[in-house]
Amino acid sequence: MRRSAASDSSVWSRLPHELGDAVRPRIPEIARACVDAIAAEIPEYSARFTGGSGRAAAIELARRGIERDVDRVGTPALWQADRLAGFRGHGRDAFHSGLSREAVQAAVRVSSRVTWRWIADIAREAGLSGDVLYGAAEGMFADVETSMAAVAEGYSAAEAAVSGTGERHRRLLRALLGGRTPAFTTEPFPAEPGKEVDNLAAASGLPLPERLAAVAFRALPGAPEFPPGLLPDHVPADPAGDPPAALTPAPDVDLIGLTGLPPGWTAAVGPLVPPAEAPESFRVARRAVDLAARGLLDAPGPVIWCRDHVTTLLLLADEFLVAQLASTTLEPLSGLSGRRREQLAETLLALVRTRGSAPELGRLLDLHPQTIRARLRKLGELFGDKLDDPAERLRLELALLAERALPDRG
């Protein structure tokens with residue numbers, strides 16, 4: 001029989017505060033050990049935890065969970081209702097991320113086993129009695145049972161929530177973003193990939209447009225859930241999925257509601273493309289979201305329109321190469337002091353863009369023509385004939401724009 005929440009809480013409440021005091025400083029180590037064990041033992045998690053951001057997010061989630069559980073030690077009648085709500089949330093997130101129910105429940109078991117081993121070792125090091133170890137074991141084993149049940153509930157609820165039209169829309173979304181394209185053929189038996197997408201489109205009731213734009217979403221840790229009603233029902237969308245995305249043939253109309261995204265949310269709208277190129281539109285949108293998160297791409301609100309940032313997206317498509325371009329092409333400026341270099345770079349960019357005279361550049365930069373002439377003489381000394389070569393001028397312009405786009409590399 002499953003223990004009640006109250007009885008589980010009483011187990012922890014009977015343990016001495018000394019146990020919690022001994023464990024708390026080691027919680028970050030325990031969290032890392034839990035994530036490493038899950039990645040090593042559960043193949044579905046291995047790839048997700050290999051990247052720096054995925055592993056870091058998992059460690060932080062584990063740290064908060066362990067800290068919350070340790071807070072119950074020696075605290076009478078404290079069984080936080082949000083603990084089980086959190087595990088139900090893990091179950092929902094696992095479903096939307098494409099993890100199996102078995103994998104997320106196995107992760108609970110592995111994490112609990114690793115945590116127990118650490119707690120047992122720490123308790124022995126602290127000289128706590130065998131009764132304390134026995135009580136901690138009883139509490140841990142009870143937690144595993146209730147936690148796995150909560151995960152299963154959340155997973156099942158997510159499965160039920162996506163049945164019907166919404167799920168058919170999401171399947172079409174994932175198929176197109178995964179590179180599976182419509183057949184667009186009159187043959188009675190088209191190729192399987194195209195047939196699959198055509199069938200998904202028919203099942204969803206959505207005619208495939210000639211062109212569509214992909215939308216990439218990003219939510220900061222702790223951001224509220226994606227609000228319902230921001231997107232029309234006919235837009236295939238999965239803002240909570242992996243990856244979080246949407247597709248629309250009419251972004252200017254369908255995405256008006258995204259101006260109401262809550263704090264912590266960002267959306268980027270990729271270029272309009274044929275359905276077969278939906279993965280490319282999504283790739284550009286994800287790149288825009290990533291650059292915005294690093295402060296390298298500005299937008300007046302929560303929605304980034306890639307069409308307004310084509311130059312920056314092109315320049316930063318390969319940051320290593322563009323940094324090399326800036327470094328080598330602008331090497332003649334490297335010996336100058338910061339302010340002097342900035343002034344000459346500003347004048348150089350205006351020059352290669354306009355080929356204007358000193359008075360024209362003066363008006364453009366709001367400087368006296370004599371100041372411009374002095375700068376032009378210095379630039380002539382530094383760059384010589386390159387200033388008269390169209391190919392070199394283009395290279396200089398690209399390098400200067402790249403330096404602006406990547407200020408940390410300048």
Side-chain angles (χ1 to χ4, degrees), residues 211 213 216 268-274 277 279-300 304-410:
R211 293 165 67 79
V269 186
L272 278 165
V273 296
E277 297 176 9
E280 289 301 305
S281 179
F282 187 58
R283 179 183 63 80
V284 173
R286 292 186 78 173
R287 180 63 172 159
V289 165
D290 292 341
L291 291 174
R294 295 166 53 198
L296 299 180
L297 194 151
D298 295 325
I304 303 163
W305 294 85
C306 292
R307 66 194 180 197
D308 297 333
H309 302 279
V310 173
T311 301
T312 301
L313 289 166
L314 178 61
L315 278 172
L316 301 185
D318 190 320
E319 293 183 37
F320 174 78
L321 283 180
V322 82
Q324 292 297 307
L325 171 69
S327 175
T328 57
T329 305
L330 302 179
E331 194 277 333
L333 298 176
S334 62
L336 302 175
S337 63
R339 179 61 181 155
R340 179 63 170 160
R341 187 188 190 285
E342 182 181 333
Q343 293 171 343
L344 287 180
E346 176 188 50
T347 306
L348 179 59
L349 181 58
L351 175 65
V352 297
R353 278 179 162 177
T354 67
R355 297 291 290 158
S357 63
E360 290 170 336
L361 294 176
R363 286 191 295 271
L364 181 65
L365 299 177
D366 195 23
L367 292 170
H368 194 281
Q370 196 61 32
T371 301
I372 296 295
R373 290 189 184 95
R375 292 185 184 180
L376 292 178
R377 283 195 295 272
K378 183 62 176 178
L379 289 172
E381 294 173 10
L382 293 172
F383 291 94
D385 295 341
K386 291 180 179 180
L387 299 179
D388 299 317
D389 185 326
E392 289 295 334
R393 288 200 304 272
L394 175 61
R395 183 183 175 96
L396 284 165
E397 182 177 1
L398 289 174
L400 290 161
L401 291 174
E403 187 175 68
R404 287 186 173 187
L406 286 172
D408 56 315
R409 306 229 187 189

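No experiment lies behind these values; they were computed from the predicted model shown. Positions are given from 1, in the same order as the sequence printed here.
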(request) Applying side chain to side chain contact (heavy atoms under 4.5 Å, CB included), name anything that partners Ser327, two or more places apart in sequence or on another chain. (result) none
(request) Return the set of residues passing side chain to side chain contact (heavy atoms under 4.5 Å, CB included) with Ala213 (not counting sequence neighbours), or none when no residue passes. (result) Pro251, Val269, Leu272
Rounded to the nearest 0.5 Å, what's the gap from [atom1] on [X] to [atom2] on [Y]? Could you check?
X	Y	atom1	atom2	result
Thr347	Arg373	OG1	CZ	13.5 Å
Arg363	Ile372	CZ	CD1	11.0 Å
Leu291	Arg286	CG	CZ	13.0 Å
Glu397	Leu351	CD	CG	11.0 Å
Leu296	His309	CG	NE2	12.0 Å
Thr329	Gln324	OG1	CD	10.0 Å

Where is the tightest heavy-atom contact between [X] and [Y], given as atom of each residue plus distance?
X	Y	result
Ala285	Ala268	O-CB, 3.2 Å
Ala345	Leu333	CB-CD1, 4.3 Å
Ile304	Ala292	CD1-CB, 3.4 Å

(request) Look only at the side chain of Ser281 and the backbone of Glu277, and say whether a donor-acceptor pair between them is shorter than 3.5 Å. (result) no
(message) Whether the side chain of Glu360 engages the backbone of Ser357 through a donor-acceptor N/O pair (distance < 3.5 Å, no angle test) should be reported.
(response) yes
(request) Using the side-chain contact (heavy atoms from CB on, under 4.5 Å) rule, take Leu387 and Leu376 through it: C-alpha gap first, then chi angles, then the decisive distance, then the call. (result) CA-CA 10 Å; Leu387 299 179; Leu376 292 178; over 6 Å; no
(message) Just so I know, are the side chains of Leu297 and Leu313 near enough to count as touching, which here means a heavy-atom distance under 4.5 Å?
(response) yes
(message) With salt bridge (charged side-chain N to carboxylate O under 4.0 Å, His left out) as the test, pick out the partner of Glu346 among Arg375, Arg353, Arg340.
(response) Arg375
(message) Given His368, which partner from the list Thr371, Asp366, Leu365 fulfils the side chain to side chain contact (heavy atoms under 4.5 Å, CB included) test?
(response) Thr371
(request) Scan Thr328, Asp389, Leu400, Val352 and name whichever one has a side chain to side chain contact (heavy atoms under 4.5 Å, CB included) with Arg395. (result) Thr328
(request) Before giving the answer on side-chain contact (heavy atoms from CB on, under 4.5 Å), spell out for Leu330 and Glu403 the whole-Å C-alpha distance, their side-chain angles and the decisive distance to 0.1 Å. (result) CA-CA 9 Å; Leu330 302 179; Glu403 187 175 68; 3.8 Å; yes
(message) What verdict does the side-chain contact (heavy atoms from CB on, under 4.5 Å) test give for Leu382 and Leu336, after you've listed the backbone C-alpha separation in whole Å, the side-chain angles of each residue and the deciding distance to 0.1 Å?
(response) CA-CA 11 Å; Leu382 293 172; Leu336 302 175; 4.1 Å; yes
(message) Using a 6.0 Å cut-off, check whether atom CZ of Arg287 has over 12 heavy atoms from anything other than its own residue.
(response) yes
(request) Might you confirm whether atom CG of Asp298 has over 12 heavy atoms from other residues, nucleotides or ligands at distances under 6.0 Å? (result) no
(message) Checking Asp388 against Arg355 for the side-chain contact (heavy atoms from CB on, under 4.5 Å) test, could you report, in this order, the C-alpha distance in whole Å, the side-chain angles of both residues, the deciding distance, and whether it holds?
(response) CA-CA 9 Å; Asp388 299 317; Arg355 297 291 290 158; 3.5 Å; yes
